[in-house]
Amino acid sequence: MSAIIDTADAANVAPEDYINPEDGLKYCGKCHTPKEAYFADNPPFCGIDRHPTECKCAAEEKQQCEAERHEFERMSHISLLRSEAFKDIPAAAWRFDNASVMTPQLVKAREYAENWDSFSR
């Protein structure tokens with residue numbers, strides 16, 4: 001059990017991390033928030049009274065990575081939909097900015113596309 005704890009501890013340590021003498025918990029050296037927390041209302045198990053937790057900067061980094069992954073997936077899905085929609089016609093890369101003449105139909109189509117969120121409800 002102690003080998004597992006030591007391995008988990010090693011993965012949760014950076015050179016600038018420190019132990020706060022006030023509460024005995026490991027703190028992040030960058031954002032100075034705890035990287036450990038005490039178990040709530042539970043007696044120690046095999047001498048273990050705390051568990052790893054994310055510090056503020058690690059949580060923000062994780063959130064940023066998740067947002068980037070979500071945006072990548074969204075753009076990939078849009079690309080897939082475009083390739084399926086324009087599979088047989090040479091309009092796959094067409095944009096309103098490329099139009100030589102903005103006909104009334106193109107003006108309405110552009111307005112529809114630009115205000116998709118309000119039209120889609």
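Here, residue 1 is the first one in the sequence, and each next residue gets the next number. As a basis for the values below, the full set of heavy atoms in this structure was taken, side chains included, without hydrogen atoms, waters or symmetry mates.
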Requested in this report: Look at Glu111 together with Lys108 and state whether they make a salt bridge at an N to O cut-off of under 4.0 Å.
Outcome: no
Query raised in the report: Which atoms form the tightest heavy-atom contact between Leu106 and Val101, and what is the distance?
Result: CD1-O, 3.5 Å
Query - Rounded distance [0.5 Å steps], CG in Asn20 versus NZ in Lys26 - result: 13.5 Å
Query - Any side-chain heavy-atom pair of Asp17 and Glu36 under 4.5 Å - result: no
Report task. Sequence neighbours left out, what pairs pass side chain to side chain donor-acceptor pair (under 3.5 Å) with at least one residue falling in residues 61-70? Result -> Gln64-Glu68, Glu66-Arg69, Arg69-Glu73
Query - Parallel, tilted or perpendicular, as decided by the 30° and 60° cut-offs, for the rings of His51 and Phe39 - result: tilted
Query - Within-4.5 Å side-chain heavy-atom neighbours: Tyr18 and His32 - result: yes
Query - Stepwise side chain to side chain contact (heavy atoms under 4.5 Å, CB included) test for Arg110 and Met102 - result: CA-CA 10 Å; Arg110 183 178 201 159; Met102 283 299 285; 4.1 Å; yes
Query raised in the report: Should the pair Arg50-Asp23 be classified as a salt bridge under the 4.0 Å nitrogen-to-oxygen rule?
Result: no
**Report entry** Side chain to side chain, Lys30 and Cys28, heavy atoms closer than 4.5 Å
**Finding:** yes
Query raised in the report: Any donor-acceptor pair under 3.5 Å linking the side chain of Ser79 with the backbone of Met75?
Result: no
Query raised in the report: Tell me, do Tyr27 and Leu25 make a side-chain contact under 4.5 Å, heavy atoms counted?
Result: yes
Query raised in the report: Would a distance-only check, ignoring hydrogens and angles, find a side-chain to backbone donor-acceptor pair under 3.5 Å from Thr53 to Ala37?
Result: no
Query raised in the report: What is the distance from atom CD of Glu16 to atom SG of Cys31, rounded to the nearest 0.5 Å?
Result: 10.0 Å
